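Right, one structure below, let's go through it.
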Amino acid sequence: MVGFLSPYKGRVIAALCFLLLGSLAWLAIGQGVRLLIDQGFGETGDSNFNQVILWLALIVTISSIAIFGRFYLMSWLGERVSADIRLTVYRALLTLSPSFYAKARTGEVISRFTSDTTLLENVVGSSFSMALRSSVMVLGGLIMMAITSWKLTLLVLVALPVVLAPALVLGKKVRQLAKRSQDKIADLGAYVDESIHEIHTVQSYGHEARDNQHFTGHVEAILAAAKDRIFYRAVLISTILSLSFFAILAITWAGGLAVLSGSITGGELSAFMFYAVLVAGAVGTISEVFSEVQRAAGASERLMELAHSCSDITEPESPIALPDQVNGRVQLNNLSFGYPGHEETVLHNLSFTINAGERVALVGASGAGKSTLFALLQRFYPTPEGAITLDNLAIDALSLDQLRAQFALVPQESVIFATSVLENVRYGRPDATQDEVIAACEAARAHEFICEFPDGYDTYLGERGVRLSGGQKQRIAIARAILADRPVLLLDEATSALDARSEVLVKQALDTLMQGKTTLVIAHRLATVVNADRILVLDKGKLVASGTHEELLASSDLYREFAKLQLLTQKDTGQTI
Ligand SMILES: Nc1ncnc2c1ncn2[C@@H]1O[C@H](COP(=O)(O)OP(=O)(O)OP(=O)(O)O)[C@@H](O)[C@H]1O
């Protein structure tokens, strides 16, 4: 946290100065009260009285200016620091590997991100400054009290631990309960995130009532956690306040006796009481915001945990640079892999080469390891055994950015962002001109339908592309990959059946995309395997056969079986299996 404040040292110092000035002004008011009673009402008459009133007016003015400065600067710092924390955490989240996201629930991460940073914003902007100001008041008040009457101050010092004891005991309990509350809120966040994202499934399965029931359960759990916290907090605040006022009462009694015996003046007792009330109020404030500051400490700990979560993919210390012209030759040498944290080996001793410009189809039953292979090529997971090379360079010797910039991925489920057509395609190459985007869309057979949209390329596509048909989404995704123009293409064919016309258009788009590129395609269509230069057959993570469609039909029982069951029918090419 201190690290986040350090770039704004000047403002922090200014805020602290205002805070000190404001506190001193308040403490000076106590002296004004003393003078007002002892001298203003004394024999010296009007002139002193007026002077003291003017003096008090000046102090109040100074205090107002100080309050403005402190409030403005502290709130500014609160906003700035939480913005910086958001930036830092988001930057970290963008670099974390899929292993992290496989373990953490995204909803929980989002909830931490939003609610914890908002809490920090409040604490830095307000609670923290209140706690600080109150601490100065307690210290200053005690000093002024000691100057006014050390005997009475001793009495206060005896009373102080009695007042503070419940703060320590109950405060700990409140903190534990606050953490439980935050965790329950994070659970709720994760639940809302999932159900709203999957709203179509929720509605089509008529799951609304059940989801509502689950949601109610989560909300009630939050309430239950909050109820305990509120109870303890209420006990904490009321105990401290009542103890403080009982203490003040006792001191008033002792002070009254001192005035009657003539050891202090009425003005001194008034000033003393003013400070005592100030100190009691400040102690009350500290106890009130203490738990919030503690909650914020918990929140910042969680956020820093996120910000410092390290990706298990390490960048090489001195990465080898790829040549300007990458050919796209991919080679696997004895590659074995199991997902981190799982014992099972998913890929066994894989070795094969894909030559530059070759079109290779991967086939295999579900779970054979095809998607895993794609993930490993882009180094989404560490590969402890075996090696993958790109143009004869080990991929873990390359910088991640440079490595991933060589692959264009077209996933099975086309990803559409909630922005315009133009920006969706431009995602593949953010610096592309509009003409380049249009050319890519023409090549992907998408231009025609885009032009029919009311706003053409500026049409907003809705979240996850809800306004597009399946085939249209695929062609946008292909246009993105065409625009990206990367040497190696990783294509996970969509399994969803399209109508005949869309199918033809998508096929044409894919053909354009694959021209001149090394292509590795997870094949679900007969046309793809027939047109591939080579087919690799994977079975339970092992490479069991390789060859052309005809060769494999003749030589591999598994392929024949697979082709009969899995690859789509002859519709694509009119060929018979
Ligand atoms: N994140 C993960 N953590 C642990 N195991 C995983 C993970 N992802 C996949 N697996 C396991 O790895 C194996 C291979 O999965 P993979 O997704 O690569 O298969 P696939 O051939 O692409 O299947 P499909 O055609 O169904 O997509 C499966 O047994 C799967 O359960």
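Order of appearance sets the numbers: ligands from 1, and atoms from 1 within every ligand. As the structure is a prediction and not an experimental result, all values here were calculated from the model. Residue indices begin at 1 and follow the sequence shown.
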Quiz item: Any chance CD of E208 has more than 12 other-residue heavy atoms, nucleotides or ligands included, within less than 6.0 Å?
Solution: yes
Side-chain donor-acceptor pair under 3.5 Å between [X] and [Y], yes or no?
X    : Y    : answer
D455 : Y460 : no
R329 : N392 : yes
R86  : T117 : yes

Quiz prompt | Centroid-centroid under 6.0 Å between Y457 and H447 rings | solution = yes
Quiz prompt | Atom-level proximity to ligand 1, residues with heavy atom under 4.0 Å | solution = Y339, H342, E344, V346, A365, S366, G367, A368, G369, K370, S371, T372, Y381
Exercise. Enter the distance from R480:CZ to E423:CD here, rounded to the nearest 0.5 Å.
Key: 11.0 Å
